[in-house]
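Position 1 is the first residue of the sequence, and the numbers go up from there. Read the numbers this way: they start at 1 and go in the same order the structure lists the ligands and their atoms.
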Amino acid sequence: MTPTATELRARLREILGADGLLTTDADCAPYLTDHRQLYQGVALGVALPRTVAQVSQLLSSCNAQRVGVVPQGGNTSYCGGATPDESASQLLVSLQRLNRIRSIDPANYSLVAEAGCILARLQQAADEADRLLPLTLGSQGSCQIGGNLSTNAGGTSVLRYGMARDLVLGLEVVLADGRMLDSLTALRKDNTGYDIKSLFLGAEGTLGIITAASLKLFPKVRDVATAFVAIADVRAAVTLLARLREASSDRVSSFELIPRVAVELTTRHIAQVTDPLDRAHDWYVLCELSSSRAADGLEELMSTALSAALADGLVRDAAVARNERERAALWKLRESIPEAQRKEGASLKHDVAVPVAALADFLARATPWVDAHVPEARLVAYGHVGDGNLHFNISPLAGADTARFLAQAPAVRRAIHDLVREFGGSFSAEHGIGRLKVDELERYANPVELDLMRAVKRAFDPHGIMNPGKVLRA
Ligand code: FAD
Ligand code: MLT
Ligand code: ZN
């Protein structure tokens with residue numbers, strides 16, 4: 001260990017207290033691998049600040065010594081953004097102890113929470129205040145709001161409520177040099193120059209550490225109708241979505257595409273998941289209408305719309321949830337797809353977006369490419385139809401050689417992402433860039449945008465200490 005590292009550790013202990021800095025291999029280990037186990041980092045230590053002042057002091061010290069800092073929330077992200085490199089010279093800063101809900105204001109439809117609050121806890125707190133925090137992800141039991149905002153997370157309610165960034169009223173951020181940016185407003189309107197806070201949303205910890213956020217709340221859902229619908233094909237899904245939006249006065253809150261293979265994987269690997277329909281179909285959607293008005297007639301509206309779609313050949317069969325238990329079972333099937341895929345084995349993941357209306361054409365081009373070029377594999381393409389976002393994942397068939405399968409990742413990624421570009425799409429719809437997709441960003445980003453990103457990075461973090469090598473090359 002260099003003298004600088006020894007000195008820094010001593011200084012960090014002064015700032016954080018004896019229990020605020022982990023340094024042994026055993027203590028640090030849980031923080032040093034990403035969720036997908038793509039990366040194994042080695043850190044100078046793991047800092048566990050309890051206060052914003054501690055975050056400020058530790059960043060100021062790291063900046064002075066040019067020590068890289070890697071923020072970490074719930075460590076559920078998919079691109080290795082929260083994992084330090086292998087140099088043992090970076091400090092991991094976990095926000096887990098900075099986890100107070102500072103205030104809830106039902107009249108202003110807003111709450112203020114610290115970065116380390118688990119998303120599910122905030123949803124619960126909003127619910128208890130008779131309000132809705134709509135951000136909904138399969139990882140909500142362990143991801144943190146600071147991580148959600150830093151990745152600009154999506155999830156299953158984007159169609160109605162937008163991405164994580166759309167829910168932000170204000171932010172509190174500690175900058176690389178330790179200064180605090182207090183922009184924790186609860187205002188709905190504020191046109192006072194550049195919207196600086198928006199730069200931290202989706203920045204994946206490369207511009208500063210978000211310590212707290214002021215978030216929008218919404219009226220609580222009091223009527224809901226949820227259906228698992230077998231559709232004729234993917235084009236029919238897009239048509240059905242458009243029709244349901246019209247028929248329901250735009251009360252569609254989720255519209256998720258599910259392929260047959262995902263039903264097979266979840267029923268095989270996840271306890272208590274069963275096929276909601278009697279016969280197998282190639283494609284399904286899980287769709288939900290919701291309203292803040294009690295007894296709004298949504299179930300009837302859903303049944304009427306689905307019957308019409310059945311008559312028109314868009315829909316083959318459907319199960320409408322009759323109670324909360326059945327609704328939860330449908331959502332369990334959808335939300336367990338990533339876990340079921342993980343249990344099945346290796347997977348090549350692509351988090352792509354194309355314009356909603358182009359989804360069917362994209363799949364019609366991409367599917368035969370996979371069939372022809374990725375032997376011993378099958379496509380598991382599912383996702384958020386309403387956002388044009390497909391998790392275009394590929395799993396090996398049983399008995400396939402995993403190493404050989406994974407070795408194809410770069411070539412497959414290139415082909416899929418090139419095709420996405422042809423469709424005017426995005427190679428990273430909601431999971432971010434992290435370390436995994438830095439090359440992709442360089443290849444596909446608009447060069448002017450990339451220049452501006454680098455300029456922003458230099459302006460906010462001139463010594464490059466914030467999450468080095470993530471999003472932009474160090
Ligand atoms: P982390 O993984 O800890 O960090 C993510 C990035 O943010 C890193 O770059 C980190 O350095 C940075 N960061 C974390 N906290 C801060 C902070 N306070 N200040 C500055 N930077 C910070 N994602 C979706 O978008 N939609 C989904 O539907 C979805 N479903 C998922 C389902 C499952 C089962 C799993 C495992 C993951 C899913 N994800 C999904 C991915 C993941 O949960 C999200 O990216 C989530 O927002 C990450 O939050 P986190 O707290 O775990 O962040
Ligand atoms: C989802 O929508 O389930 C996730 O974003 C995809 C995943 O977890 O792989
Ligand atoms: Zn998703």
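Against a heavy-atom cut-off of under 4.0 Å, C143 is close to the following atoms of ligand 1: 49 (O), 50 (P), 51 (O), 52 (O).
Only the side chain of Y78 comes within contact range of ligand 1, with a heavy atom under 4.0 Å; no backbone atom does. Of all the heavy atoms of H431, the ones lying under 4.0 Å from any atom of ligand 1 belong exclusively to the side chain. Residue contacts with ligand 1 for H35 involve side-chain atoms from C-beta outward but no N, CA, C or O (heavy atoms, distance under 4.0 Å). For T211, no heavy-atom contact with ligand 1 is shorter than 4.0 Å. Residue A115 touches ligand 1 through its side chain alone, judged by heavy-atom distances below 4.0 Å.
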N/O donor-acceptor pairs under 3.5 Å from side chains in residues 345-352, not counting sequence neighbours:
| from | atom 1 | to | atom 2 | distance (Å) |
| --- | --- | --- | --- | --- |
| S347 | OG | Q341 | NE2 | 3.3 |
| H350 | ND1 | F392 | O | 2.8 |
| D351 | OD1 | N389 | ND2 | 3.1 |
| D351 | OD2 | A429 | N | 3.2 |
| D351 | OD2 | E430 | N | 2.8 |
| D351 | OD2 | H431 | N | 2.7 |

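Put simply, the side chain of D34 gets close to the backbone of Y39: a donor and an acceptor are under 3.5 Å apart. In this structure a side-chain-to-backbone donor-acceptor pair under 3.5 Å is present from T266 to A262. Not a single donor-acceptor pair under 3.5 Å links the side chain of K470 to the backbone N or O of E204.
Salt bridge annotation for R235-D233: absent, with no cationic side-chain nitrogen under 4.0 angstrom from a carboxylate oxygen. With salt bridges taken as basic N to acidic carboxylate O contacts below 4.0 Å, one links E86 and R435. Ion pairing between E440 and R443 fails under the 4.0 Å rule for side-chain N and carboxylate O.
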Stepwise, does the side-chain contact (heavy atoms from CB on, under 4.5 Å) test hold for S89 with L44? CA-CA 5 Å; S89 65; L44 173 78; 5.9 Å; no
Please lay out, stage by stage, how L91 and L58 fare under the test side-chain contact (heavy atoms from CB on, under 4.5 Å). CA-CA 10 Å; L91 178 72; L58 80 79; 4.0 Å; yes
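Going from atom CG of L133 over to atom OG of S110 covers 11.5 Å, rounded to the nearest 0.5 Å. In this structure, L241 CG and F255 CZ are separated by 5.0 Å, a value rounded to the nearest 0.5 Å.
An angle of 100° is found at the Zn ion (ligand 3) between H384 atom NE2 and E430 atom OE2, rounded to 10°.
The shortest N/O to N/O separation between T156 and ligand 1 does not fall below 3.5 Å. Of the N or O atoms in Q72, none lie within a sub-3.5 Å distance of an N or O in ligand 1. Note: an N/O pair closer than 3.5 Å links G74 and ligand 1 by distance alone. Taking distance alone, with nitrogen or oxygen atoms compared against 3.5 Å, L137 stays at or beyond that limit from ligand 1. Residue S77 places at least one N or O, backbone or side chain, under 3.5 Å from an N or O of ligand 1. In terms of N/O distances under 3.5 Å, ligand 1 is not approached by L95.
At least one N, O or S atom of H391 sits under 2.8 Å from the Zn ion (ligand 3).
S94 and Q72 form no side-chain donor-acceptor contact under 3.5 Å, judged by distance and modelled atom types alone. Counting only N and O atoms by type, the side chains of S395 and E344 include no donor and acceptor under 3.5 Å apart.
The residue among T136, T151, L92 with a heavy atom at the shortest distance from atom 6 (C) of ligand 1 is T151.
The neighbour count for R179 CZ, taken as heavy atoms of other residues, nucleotides or ligands under 6.0 Å away, does not exceed 12.
For G208, the closest heavy-atom approach to ligand 1 falls below 4.0 Å.
Of the protein's non-hydrogen atoms, T76 OG1, 3.4 Å is the one closest to atom 48 (C) of ligand 1. Taking atom 18 (N) of ligand 1 as the reference point, the nearest protein heavy-atom neighbour is I210 O, 2.9 Å.
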Go ahead and list the nitrogen or oxygen contacts between ligand 2 and the protein that come in under 3.5 Å, distances to 0.1 Å, or just say none.
| from | atom 1 | to | atom 2 | distance (Å) |
| --- | --- | --- | --- | --- |
| ligand 2 | 2 (O) | R334 | NH2 | 2.7 |
| ligand 2 | 2 (O) | H384 | NE2 | 3.0 |
| ligand 2 | 2 (O) | H391 | NE2 | 3.1 |
| ligand 2 | 3 (O) | R334 | NH1 | 3.1 |
| ligand 2 | 3 (O) | R334 | NH2 | 3.3 |
| ligand 2 | 5 (O) | H391 | NE2 | 3.0 |
| ligand 2 | 5 (O) | E430 | OE2 | 2.9 |
| ligand 2 | 5 (O) | H431 | NE2 | 2.8 |
| ligand 2 | 8 (O) | Y78 | OH | 2.4 |
| ligand 2 | 9 (O) | Y78 | OH | 3.4 |
| ligand 2 | 9 (O) | K349 | NZ | 2.5 |
| ligand 2 | 9 (O) | Y382 | OH | 3.2 |

